[in-house]
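One structure is given here, and the rest of the page talks about it.
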Amino acid sequence: MADNDDEIILSELSDDELVQQMMDDLYDGLKEEIEEGVNILLERGWAPYDVLTKALVAGMTIVGHDFRDGILFVPEVLLAANAMKGGMAILKPLLAETGAPRMGKMVIGTVKGDIHDIGKNLVSMMMEGAGFEVVDLGINNAVEKYLEAAAREEADIIGMSALLTTTMPYMKVVIDTMKEQGIRDDYIVLVGGAPLNEEFGRAIGADAYCRDAAVTVETAKDFIKRKHNQLAAGG
Ligand code: B1M
């Protein structure tokens with residue numbers, strides 16, 4: 001409207017301006033604007049993966065930095081997370097629509113004591129997009145939840161996510177329990193989350209640490225290929 005200087009018409013912005021505006025809107029937790037922005041970029045021919053990484057994930061990274069530095073607080077970050085989820089809900093079916101052949105099955109969840117789920121949800125979406133069947137256990141999962149689901153679903157992969165330095169050691173509890181039950185080698189165990197690194201993954205006995213969703217997909221494909229080769233060789 002001409003009498004409202006503040007109103008920004010998202011569809012009139014260039015791609016670069018729109019992405020910048022979406023980062024601001026994500027920061028401000030404006031879910032409807034994020035959904036509109038995602039739809040505009042898709043209509044302009046953007047690949048769903050680019051919308052996800054260049055607008056949403058990049059925007060959430062800024063939120064993360066300001067949360068760390070005490071500029072944003074939990075309520076604001078929750079709003080930003082909610083806005084991000086709105087955008088992700090639009091992208092999810094598109095990312096899964098690749099018609100990729102079935103690759104294998106993964107059970108994934110955030111570990112006990114931890115309620116962060118955005119990264120895990122992203123991994124799930126990307127894995128589904130790459131042709132994996134994904135059973136999402138949600139947040140705050142005790143070892144029993146992982147192991148029951150993995151057995152019930154006849155999963156190939158157990159995926160664990162942790163965002164807190166206080167919850168990441170729980171991944172070792174899950175792996176140690178698998179060892180105690182003699183089922184460690186029945187599954188490929190992949191772990192991820194911002195505070196982890198490769199060394200930690202090795203130290204707790206995971207098969208691999210996955211830096212991000214794209215790396216998770218590549219790592220999972222690689223391990224599934226090895227598993228099939230072993231089976232073909234009668235191993
Ligand atoms: Co939280 N939080 N938070 N938080 N939060 C962090 C993690 C923190 C680093 C912020 C900070 O201080 N800088 C800090 C942890 C510090 C530490 O442990 N050393 C922190 C804290 C302290 C807390 C609380 C304790 C705050 C409080 O209450 N005082 C509390 C904890 C509650 C609990 O869990 N018990 C808390 C709460 C929250 C909110 C609820 C407000 C919200 C979560 C909303 C939600 O998830 N639904 C929230 C958020 C949003 C964040 C930040 C800002 C963003 C996390 C995120 O979504 N990133 C985060 C700061 C940060 O990470 N920079 C922070 C975007 C996402 C795409 O990235 O999750 O890293 P990420 O996932 C990536 C990879 O890591 C990887 O792939 C993903 C996609 O590429 N990956 C996997 C992740 N999981 C994987 C699993 C795999 C493979 C790859 O399996 C195979």
Side-chain angles (χ1 to χ4, degrees), residues 23 26-27 29 31 49 51-89 91-92 95 104-130 132 134-142 146 150 155-171 174-175 187-198 200-201 204 206-224:
M23 289 184 190
L26 192 76
Y27 195 93
K31 186 178 179 195
Y49 182 70
V51 180
L52 182 67
T53 51
K54 293 182 183 161
L56 302 186
V57 175
M60 202 63 196
T61 305
I62 299 169
V63 172
H65 290 157
D66 282 3
F67 188 35
R68 178 195 60 205
D69 297 341
I71 298 164
L72 288 179
F73 296 96
V74 170
E76 288 119 324
V77 178
L78 269 177
L79 280 177
N82 190 42
M84 170 125 183
K85 284 185 178 179
M88 280 165 63
L91 296 172
K92 183 176 175 175
L95 287 165
K105 198 171 197 178
M106 177 175 75
V107 160
I108 188 169
T110 305
V111 296
K112 191 173 170 184
D114 200 322
I115 63 165
H116 295 86
D117 67 354
I118 294 176
K120 167 189 68 63
N121 295 347
L122 244 171
V123 171
S124 300
M125 281 165 53
M126 295 287 294
M127 287 288 283
E128 281 175 351
F132 285 88
V134 176
V135 179
D136 188 341
L137 305 176
I139 55 172
N140 194 25
N141 284 288
Y146 284 106
D156 302 289
I157 303 170
I158 295 179
M160 289 187 273
S161 179
L163 265 286
L164 299 172
T165 45
T166 48
T167 57
M168 55 192 253
Y170 194 77
M171 294 174 162
V174 176
I175 294 173
Y187 303 100
I188 299 157
V189 179
L190 303 181
V191 295
L196 280 63
N197 56 31
E198 262 186 67
F200 175 79
I204 63 169
D207 288 298
Y209 154 72
C210 304
R211 191 182 63 241
D212 59 30
V215 168
T216 309
V217 168
E218 289 318 309
T219 310
K221 280 183 183 170
D222 198 38
F223 274 96
I224 290 286

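Both counts, for ligands and for their atoms, begin at 1 and track the order of listing.
- Rounded to the nearest 0.5 Å, atoms CD1 (Ile62) and CE (Met23) are 5.0 Å apart.
- Contact atoms of ligand 1 toward Cys210: 88 (C), 89 (C) (distance under 4.0 Å to a heavy atom of the residue).
- For ligand 1 and Val74, the ligand atoms under 4.0 Å from any heavy atom of the residue are 41 (C).
- When all heavy atoms of Asn140 and Gly113 are compared, the closest pair comes out as OD1-N, 2.7 Å.
- Residue, atom and distance of the protein heavy atom nearest to atom 9 (C) of ligand 1 are Leu163 O, 4.7 Å.
- In this structure, atom 34 (O) of ligand 1 has protein heavy atoms in its sub-4.0 angstrom surroundings.
- Below 4.0 Å from some heavy atom of Met60 lie the following atoms of ligand 1, by number and element: 50 (C), 65 (C).
- On a distance-only criterion, Gly113 and ligand 1 share at least one N/O pair closer than 3.5 Å.
- In this structure, the protein non-hydrogen atom closest to atom 11 (C) of ligand 1 is Arg68 CA, 3.7 Å.
- Residue Tyr146 forms a side-chain contact (heavy atoms from CB on, under 4.5 Å) with just one option from Lys112, Met160, Met171, and that option is Met160.
- Heavy-atom proximity to atom 72 (O) of ligand 1, evaluated over Gly109, Ala80, Gly119, is greatest for Gly119.
- Both the backbone and the side chain of Thr165 come within 4.0 Å of ligand 1, judged by heavy-atom distances.
- Listed here is the closest heavy atom pair of Asp156 and Ile224: CB-CD1, 3.7 Å.
- For atom 41 (C) of ligand 1, a protein heavy-atom neighbour is present inside the 4.0 Å cut-off.
- Summary of contacts: the protein heavy atom closest to atom 16 (C) of ligand 1 is Leu164 CD2, 4.5 Å.
- In Phe223, the CZ atom is crowded: over 12 heavy atoms of neighbouring residues, nucleotides or ligands sit closer than 6.0 Å.
- Counting protein heavy atoms only, atom 60 (C) of ligand 1 is closest to Gly64 CA, 3.9 Å.
- Atom CG of Leu52 is separated from atom CE of Met60 by 12.5 Å, given to the nearest 0.5 angstrom.
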What's the verdict on side chain to side chain contact (heavy atoms under 4.5 Å, CB included) for Val57 and Met84, showing C-alpha distance, side-chain angles and the deciding distance? CA-CA 8 Å; Val57 175; Met84 170 125 183; 4.1 Å; yes
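- From the protein, the heavy atom lying nearest to atom 81 (N) of ligand 1 is Gly193 N, 3.5 Å.
- Among all non-hydrogen protein atoms, the one lying nearest atom 80 (O) of ligand 1 is Ala213 N, 3.1 Å.
- Using a 4.0 Å heavy-atom cutoff, Leu122 is listed among the residues neighbouring ligand 1.
- Distances from atom 24 (C) of ligand 1 to the protein include no heavy-atom value under 4.0 Å.
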Test log, rule side chain to side chain contact (heavy atoms under 4.5 Å, CB included), inputs Ile108 and Ile157: CA-CA 8 Å; Ile108 188 169; Ile157 303 170; over 6 Å; no
Run the side chain to side chain contact (heavy atoms under 4.5 Å, CB included) test on Ile204 and Met168 for me, step by step, so that the C-alpha distance in whole Å, both residues' side-chain angles and the decisive distance to 0.1 Å come before the verdict. CA-CA 10 Å; Ile204 63 169; Met168 55 192 253; over 6 Å; no
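- Taking 4.0 Å as the cut-off, His65 does not count as a neighbour of ligand 1 on heavy-atom distance.
- The two residues Leu163 and Ala194 have their closest heavy-atom pair at CD1-CB, 3.8 Å.
- Near Thr216, the atoms of ligand 1 lying under 4.0 angstrom from a non-hydrogen atom of the residue are 88 (C), 89 (C), 91 (C).
- In terms of polar-atom proximity, defined here as any N/O pair under 3.5 Å, Asp212 makes no such contact with ligand 1.
- Between atom 49 (C) of ligand 1 and the options Val77, Asp117, Asp114, Ile108, the minimum heavy-atom separation is to Val77.
- Here the heavy atom of the protein found nearest to atom 52 (C) of ligand 1 is Phe67 CD2, 4.2 Å.
- The two atoms that bring Gly159 and Met106 nearest to each other are N-CG, 4.2 Å, heavy atoms only.
- The minimum heavy-atom distance between Ile71 and Tyr27, with the atom names listed, is CG2-OH, 3.8 Å.
- Checked by distance only, ligand 1 and Ser161 come closer than 3.5 Å through their nitrogen or oxygen atoms.
- The shell of residues lying under 4.0 angstrom from ligand 1, judged by heavy atoms, includes Leu78.
- Taking only non-hydrogen atoms, the option from Gly70, Ala194, Gly159, Ala162 nearest to atom 75 (O) of ligand 1 is Ala194.
- With 3.5 Å as the limit, one finds no donor-acceptor pair spanning the side chains of Tyr170 and Asp114.
- Proximity of Val123 to Leu190: side-chain heavy atoms (C-beta onward) are nowhere separated by under 4.5 Å.
- The closest non-hydrogen atom to atom 1 (Co) of ligand 1, taken over Lys120, Arg211, Met168, His116, comes from His116.
- Here the shortest heavy-atom pairing between His116 and Thr110 reads O-OG1, 2.9 Å.
- Close contacts of ligand 1 with Leu190, meaning ligand atoms under 4.0 Å from a residue heavy atom, involve 90 (O), 91 (C).
- Checked by distance only, ligand 1 and Ile115 come closer than 3.5 Å through their nitrogen or oxygen atoms.
- Side-chain contact between Glu76 and Asp66 is absent, with no heavy atoms from C-beta onward closer than 4.5 Å.
- Only backbone heavy atoms of Met160 (N, CA, C or O) come within less than 4.0 Å of ligand 1; its side chain stays farther off.
- Side-chain contact between Asn121 and Lys92: absent, with no pair of heavy atoms (C-beta onward) separated by less than 4.5 Å.
- Given atom 57 (O) of ligand 1, the protein heavy atom at minimum distance is Ile118 CB, 3.3 Å.
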